[in-house]
Colleague: 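Take a look at this one; I'll ask things after.
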Amino acid sequence: MADTIQLEIVTPDRMIVSDAAQEIQIPGKSGYLGILPGHAPLITEIAVGEITYRSGNETKHIAVAWGFAEVLPEKVTILAETAERAADIDVARAQAAKERAEARLKQGGADLDYRREEDALKRAQTRIDVAAKK
Ligand code: ATP
């Protein structure tokens, strides 16, 4: 069996990652999923969270939000609505998005879309956390 598995992360705009990994962690809908080369085929939904993978001696981190992952023994393809490599994250922008969402949640009110603000907060916090690992 090969000792790496190919990882491709694609968004509607572009290819974010195309790399050979020894080990991958993806944020599935019902928790994080660890994938090694030779993994059994599956398809899963991706939540908001962090994709972590090991390539050679490096561990890389990607912030991701929504989408699907197709896992095959030799390849993992992630089709994500948004995905950013740690080095590409604008931390000030994520911080501002976080503060906006927190302010709206704190303010409350009849027209508050709680779910939407919680999601925005989670995306922003994930971006801040991933950027800190670059
Ligand atoms: P904002 O309110 O700052 O736009 P958002 O969570 O609403 O944040 P999204 O709708 O998730 O933004 O993403 C829109 C686009 O902007 C996507 O291409 C995403 O990759 C990119 N993006 C969002 N936030 C950041 C960030 N902090 N750094 C780099 N790219 C970002």
Side-chain angles (χ1 to χ4, degrees):
M1 192 172 60
D3 60 356
T4 61
I5 185 165
Q6 183 67 19
L7 172 64
E8 310 223 316
I9 304 177
V10 183
T11 69
D13 304 332
R14 64 199 175 100
M15 171 85 87
I16 306 290
V17 169
S18 176
D19 213 348
Q22 283 106 322
E23 191 182 346
I24 305 169
Q25 275 212 334
I26 60 175
K29 272 268 151 136
S30 40
Y32 275 82
L33 185 66
I35 298 160
L36 295 170
H39 196 286
L42 65 85
I43 288 183
T44 184
E45 254 184 88
I46 296 282
V48 177
E50 183 176 335
I51 295 174
T52 306
Y53 71 95
R54 198 156 53 80
S55 180
N57 291 328
E58 277 188 282
T59 300
K60 300 187 181 177
H61 304 275
I62 318 285
V64 72
W66 321 124
F68 290 92
E70 179 195 49
V71 178
L72 295 171
E74 292 173 1
K75 186 173 181 184
V76 174
T77 307
I78 313 270
L79 303 174
E81 224 167 87
T82 69
E84 302 93 32
R85 281 186 297 240
D88 296 333
I89 291 173
D90 177 341
V91 177
R93 176 176 168 180
Q95 193 61 44
K98 179 182 171 181
E99 283 163 19
R100 272 198 309 277
E102 281 173 342
R104 286 192 205 112
L105 285 165
K106 194 168 166 204
Q107 193 182 1
D111 59 352
L112 172 69
D113 186 338
Y114 184 82
R115 181 76 188 269
R116 186 187 149 126
E117 298 306 334
E118 280 281 298
D119 285 347
L121 182 56
K122 197 162 181 205
R123 284 196 305 277
Q125 188 61 57
T126 298
R127 287 174 176 136
I128 292 165
D129 293 345
V130 167
K133 294 177 182 171
K134 73 172 177 245

Colleague: Are side-chain heavy atoms of Leu36 and Ile5 found at a separation under 4.5 Å?
Modeller: no
Colleague: Closest heavy-atom contact between Ala124 and Ala94?
Modeller: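 Minimum heavy-atom separation between Ala124 and Ala94: CB-O, 3.4 Å.
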Colleague: Please report the interatomic distance CG(Asp129) to CZ(Arg127), rounded to the nearest 0.5 Å.
Modeller: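 Atom-to-atom, Asp129:CG and Arg127:CZ are 12.0 Å apart.
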Colleague: Check the side chains of Gln22 and Thr4 for a donor-acceptor pair under 3.5 angstrom, ignoring hydrogens and angles.
Modeller: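 No, because no side-chain N or O of Thr4 sits under 3.5 Å from a partner of the opposite role on Gln22.
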Colleague: For Glu58, does its backbone N or O pair with a side-chain atom of Ser55 as donor and acceptor, under 3.5 Å?
Modeller: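 Pair absent, no side-chain N/O of Ser55 close to backbone of Glu58.
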Colleague: Looking at side-chain heavy atoms only, is the closest gap between Val48 and Asp119 below 4.5 Å?
Modeller: no
Colleague: For Asp90 versus Arg93, what's the shortest heavy-atom pair and its separation?
Modeller: OD1-N, 3.0 Å
Colleague: For the hydrophobic clusters of this structure (ILVMFWY residues joined by side-chain heavy atoms under 4.5 Å, transitively), does one cluster hold both Leu79 and Leu72?
Modeller: no
Colleague: Quick check for you: to the nearest 0.5 Å, what is the distance between Arg104 atom CZ and Tyr114 atom OH?
Modeller: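 Between Arg104 CZ and Tyr114 OH, I get 14.5 Å after rounding to 0.5 Å.
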Colleague: Taking it one step at a time, do Thr77 and Gln6 satisfy side-chain hydrogen bond (donor to acceptor under 3.5 Å, both in side chains)?
Modeller: CA-CA 8 Å; Thr77 307; Gln6 183 67 19; over 6 Å; no
Colleague: For Thr11 and Ile16, what are the C-alpha separation, side-chain angles and deciding distance, and is it a side chain to side chain contact (heavy atoms under 4.5 Å, CB included)?
Modeller: CA-CA 7 Å; Thr11 69; Ile16 306 290; 3.7 Å; yes
Colleague: What's the spacing between Thr126 OG1 and Lys122 NZ if we round to 0.5 Å?
Modeller: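 Here the interatomic distance stands at 6.5 Å.
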Colleague: Stepwise, does the side chain to side chain contact (heavy atoms under 4.5 Å, CB included) test hold for Val130 with Ile62?
Modeller: CA-CA 7 Å; Val130 167; Ile62 318 285; 5.8 Å; no
Colleague: Determine whether more than 12 heavy atoms belonging to other residues, nucleotides or ligands lie under 6.0 Å from atom CD of Glu74.
Modeller: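 No, because the 6.0 Å sphere around CD of Glu74 holds 12 heavy atoms or fewer from other groups.
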Colleague: Would you check if Pro41 and Val71 make a side-chain contact, meaning some heavy-atom pair closer than 4.5 Å?
Modeller: no
Colleague: For Lys133, what residues pass the side-chain hydrogen bond (donor to acceptor under 3.5 Å, both in side chains) criterion, not counting sequence neighbours?
Modeller: Glu50
Colleague: What distance do Lys134 atom NZ and Asp88 atom CG have between them, rounded to the nearest 0.5 Å?
Modeller: 9.0 Å
Colleague: Check the pair Trp66 / Thr82 against side chain to side chain contact (heavy atoms under 4.5 Å, CB included), numbers first and verdict last.
Modeller: CA-CA 7 Å; Trp66 321 124; Thr82 69; over 6 Å; no
Colleague: Provide the closest heavy-atom pair for Glu81 versus Pro12 in the form atom of the first, atom of the second, distance.
Modeller: O-CD, 3.5 Å
Colleague: Work out which heavy atom in Ala21 is nearest to a heavy atom in Tyr53; give both atom names and the distance.
Modeller: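 Looking at all heavy atoms of both residues, the shortest contact is CB-CD1, 3.8 Å.
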Colleague: Taking CZ in Arg54 as the centre, count heavy atoms belonging to other residues, nucleotides or ligands within less than 6.0 Å. Is the count above 12?
Modeller: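 Enclosed: over 12 neighbouring heavy atoms sit under 6.0 Å from CZ of Arg54.
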Colleague: Does the side chain of Pro37 come within less than 4.5 Å of Pro73's, by heavy atoms?
Modeller: no
Colleague: Scan Ile9, Leu7, Ile35, Val64 and name whichever one has a side chain to side chain contact (heavy atoms under 4.5 Å, CB included) with Ile26.
Modeller: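 Among Ile9, Leu7, Ile35, Val64, the one meeting side chain to side chain contact (heavy atoms under 4.5 Å, CB included) with Ile26 is Ile35.
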Colleague: Any chain of hydrophobic side-chain contacts (each under 4.5 Å) joining Leu33 to Ile46?
Modeller: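 Yes.
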Colleague: To the nearest 0.5 Å, how far apart are CD in Glu45 and CZ in Phe68?
Modeller: 4.5 Å
Colleague: Take Lys60 and Thr52 through the test side chain to side chain contact (heavy atoms under 4.5 Å, CB included) and record every step on the way to the result.
Modeller: CA-CA 6 Å; Lys60 300 187 181 177; Thr52 306; over 6 Å; no
Colleague: How about Lys98 and Ile128: do any of their side-chain heavy atoms sit closer than 4.5 Å?
Modeller: yes
Colleague: Nearest 0.5 Å please: distance from the CZ atom of Arg100 over to the CG atom of Leu105.
Modeller: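 So the CZ of Arg100 and the CG of Leu105 are separated by 12.5 Å.
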